[in-house]
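So the structure is just underneath, and the comments pick up after that.
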Amino acid sequence: MDAKDILGLPKNSLPQEKKPRPQKDSQRKPDGISREVYALTGGLAPLMPAIDASQLKKRPPTDEKITWQWLPFTSSARKDNLELYHWARVVNAVPPTGDYSFAKYNKSVDVVKYTDEEYEKYLTDPMWTKEETDQLFDLCQRFDLRFIVIADRFPSSRTVEELKDRYYSVSRAILIARAPSPGDVSGHPLVKEPYNVSQEIERKRALCMVLSQTKHQERKDAEVLAEAKRIAESRMVARVAEESELPVPSNAGPESAERASVPGDTVSPSSNVQLPSAAVAPSTAMADNASTLASLRMLRVYLRTYALEQMVQAASSSAGLRTIKRVEQTLQELGVNLKPRVPTKLVCAEHLELRKEILTLLNLQKQLQYKEAEGSSFRDASYADTPGTPKDRTFVPDMSFGGERVGKRDQKRKAPGRLSEAPSSPAQSKRPRKLKASDL
């Protein structure tokens with residue numbers, strides 16, 4: 001017996017392979033931080049270092065003796081000269097001198113002071129007495145323009161807006177009166193942005209309405225705002241499309257229609273000449289232009305040259321590839337660029353009109369060639385019908401020698417259904433029957 005029999009394991013079982021443990025990324029402890037502090041931070045460095053790392057290992061000079069002593073101090077922020085105590089750092093038995101370090105955070109508002117003469121000259125108001133104005137400015141100096149506290153401490157029933165309006169109107173009037181010229185204080189906040197009582201009241205009323213809304217009202221307001229945003233975006237897209245589209249001049253439509261319809265009316269029914277489709281159906285090109293403009297309206301932003309290319313393709317869609325190449329060749333001969341260098345709205349419209357006129361010119365040239373060919377064919381036909389001409393004499397070939405071959409050759413050239421002479425009898429038209437063995 002072995003260990004496998006004792007443990008009840010099969011003998012052919014293979015030992016399980018141990019899975020390798022993933023190696024942890026070892027992060028090196030930064031310099032200047034103890035291992036305990038670094039472990040407390042979880043390996044994450046602070047957003048802003050509290051002290052420079054170079055100062056952590058800096059040792060104090062050996063010639064300085066630093067002690068901490070319980071010493072009295074006074075603050076310039078207090079007007080009563082109150083003496084308090086705190087622990088202070090003393091170097092070489094020399095106590096610190098100077099003002100209290102936190103006295104610099106004591107900020108006060110500079111409230112304007114006025115005299116009786118200035119009040120009688122600039123500050124009189126039927127809604128306010130001089131005693132109320134003096135009390136208001138005393139409270140503003142005492143409570144640093146905290147108008148909520150001032151309104152609570154004010155003896156008469158005045159709203160916060162009324163107190164603000166009186167204070168800022170008096171300060172603004174004193175600043176303007178004491179300035180040498182109004183331009184010297186035009187940049188002051190009190191003069192540049194005066195206090196508006198009605199706007200402040202409306203702002204607080206709207207804020208109160210918003211804060212007192214229920215969840216249902218907030219949901220309805222959100223739906224209304226989303227619908228208004230969607231309507232504004234759709235209108236903006238439509239406006240951009242209308243401004244960016246290339247309008248066809250009003251005189252171009254009827255003229256092009258007349259140019260395309262007149263040649264079609266002058267063609268005789270007997271002629272088998274097919275006119276170009278661009279000259280026959282101008283309404284198709286106009287429909288293509290309309291569809292092109294409709295597709296361009298779907299785009300929010302596009303180049304005007306792209307719109308011009310779409311319009312050119314729509315205008316020349318009915319023309320062939322050779323005609324389009326001839327139009328481009330004509331433009332090059334005239335010294336005109338295939339794409340305008342300055343693709344403004346008017347330039348693109350004129351460029352498109354020039355292409356249409358060149359296409360009409362090429363169509364007219366084709367029709368002229370067709371008409372000349374038709375006239376020459378009519379002249380040839382009338383020349384053949386006049387008597388006494390050499391064409392009136394017919395050539396009769398001599399069938400005495402080799403006539404059979406000539407006839408066979410003529411029959412081969414002609415189609416079997418269009419022979420000049422029909423067979424005399426059915427027996428002659430049939431081929432001779434082949435002899436069979438029974439016939440012998």
Side-chain angles (χ1 to χ4, degrees), residues 42 44 46-48 105 107-112 125-128 132-133 135-137 139-173 175-176 185-247 290-304 306-307 310 345:
L44 298 176
L47 296 178
M48 293 185 64
Y105 298 109
K107 303 294 181 181
S108 60
V109 181
D110 295 332
V111 179
V112 179
D125 190 351
M127 301 297 297
W128 286 80
E132 289 180 337
T133 306
Q135 290 177 357
L136 173 62
F137 274 74
L139 292 175
C140 289
Q141 181 69 37
R142 180 180 176 185
F143 296 109
D144 293 332
L145 300 182
R146 297 180 179 89
F147 285 97
I148 302 296
V149 181
I150 293 170
D152 183 65
R153 302 294 180 92
F154 202 72
S156 59
S157 59
R158 297 280 187 175
T159 62
V160 177
E161 289 77 18
E162 291 177 351
L163 296 176
K164 286 184 178 181
D165 181 42
R166 181 58 177 170
Y167 172 77
Y168 289 120
S169 61
V170 169
S171 301
R172 184 170 178 269
L175 286 175
I176 295 175
V185 292
S186 60
H188 197 278
L190 294 177
V191 180
K192 188 177 181 180
E193 299 176 358
Y195 181 75
N196 193 345
V197 184
S198 59
Q199 183 179 359
E200 183 70 12
I201 295 174
E202 184 65 22
R203 184 188 68 83
K204 288 187 175 181
R205 186 187 67 82
L207 181 61
C208 182
M209 290 177 60
V210 170
L211 295 178
S212 61
Q213 279 185 343
T214 61
K215 295 292 183 180
H216 180 66
Q217 292 175 345
E218 291 180 359
R219 196 180 304 110
K220 289 181 64 176
D221 291 345
E223 293 176 357
V224 171
L225 292 176
E227 183 68 18
K229 183 179 179 181
R230 186 187 63 81
I231 294 173
E233 289 179 354
S234 62
R235 288 180 178 178
M236 183 173 62
V237 170
R239 190 183 304 112
V240 170
E242 290 177 359
E243 292 177 356
S244 302
E245 68 183 3
L246 297 175
S291 62
T292 304
L293 292 176
S295 62
L296 288 175
R297 289 193 187 98
M298 300 301 293
L299 300 176
R300 186 179 181 88
V301 178
Y302 59 90
L303 297 177
R304 200 178 295 277
Y306 175 75
Q310 298 294 324
K345 194 173 184 180

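When reading the values below, keep in mind they use all heavy atoms of this one structure, side chains included, and skip hydrogens, waters and symmetry mates.
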d(Leu139 CG, Leu163 CG) to nearest 0.5 Å is 9.0 Å
Listing, residues 217-226 side-chain donor-acceptor contacts under 3.5 Å, not counting sequence neighbours, or none:
from   : atom 1 : to     : atom 2 : distance (Å)
Gln217 : OE1    : Thr214 : N      : 3.4
Asp221 : OD2    : Gln213 : NE2    : 2.7

Residue list, side chain to side chain donor-acceptor pair (under 3.5 Å) with Ser169, at least two apart or on another chain:
none
Identify the heavy atoms of Ser186 and Val191 that sit nearest to each other, and give their distance.
CA-CG1, 4.3 Å
Taking only distance into account, with no hydrogens and no angle test, what donor-acceptor pairs under 3.5 Å do side-chain atoms of residues 141-158 form with protein atoms, sequence neighbours excluded?
from   : atom 1 : to     : atom 2 : distance (Å)
Arg146 : NH1    : Phe143 : O      : 3.0
Arg158 : NH2    : Met127 : O      : 2.8
Arg158 : NH2    : Glu132 : OE1    : 2.9

Considering all heavy atoms of both residues, which atom of Arg172 and which atom of Pro194 are nearest to each other, and what is their separation?
NE-CB, 4.0 Å
With Arg230, which residues qualify under side chain to side chain donor-acceptor pair (under 3.5 Å), at least two apart?
Glu227
Ser212 meets the side chain to side chain donor-acceptor pair (under 3.5 Å) criterion, sequence neighbours left out, with none
Does Glu200 reach the side chain of Arg203, with side-chain heavy atoms less than 4.5 Å apart?
yes
Full working for side-chain contact (heavy atoms from CB on, under 4.5 Å) between Asp165 and Glu161
CA-CA 6 Å; Asp165 181 42; Glu161 289 77 18; over 6 Å; no
Suppose the criterion is ring pair (Phe, Tyr, Trp, His ring centres under 6.0 Å): which pairs have a residue in residues 193-217, not counting sequence neighbours?
Tyr168-Tyr195
Passes side-chain contact (heavy atoms from CB on, under 4.5 Å), Val112 versus Val170? Steps please.
CA-CA 9 Å; Val112 179; Val170 169; over 6 Å; no
Gap separating the NE2 atom of His188 from the CG atom of Leu175, nearest 0.5 angstrom
5.0 Å
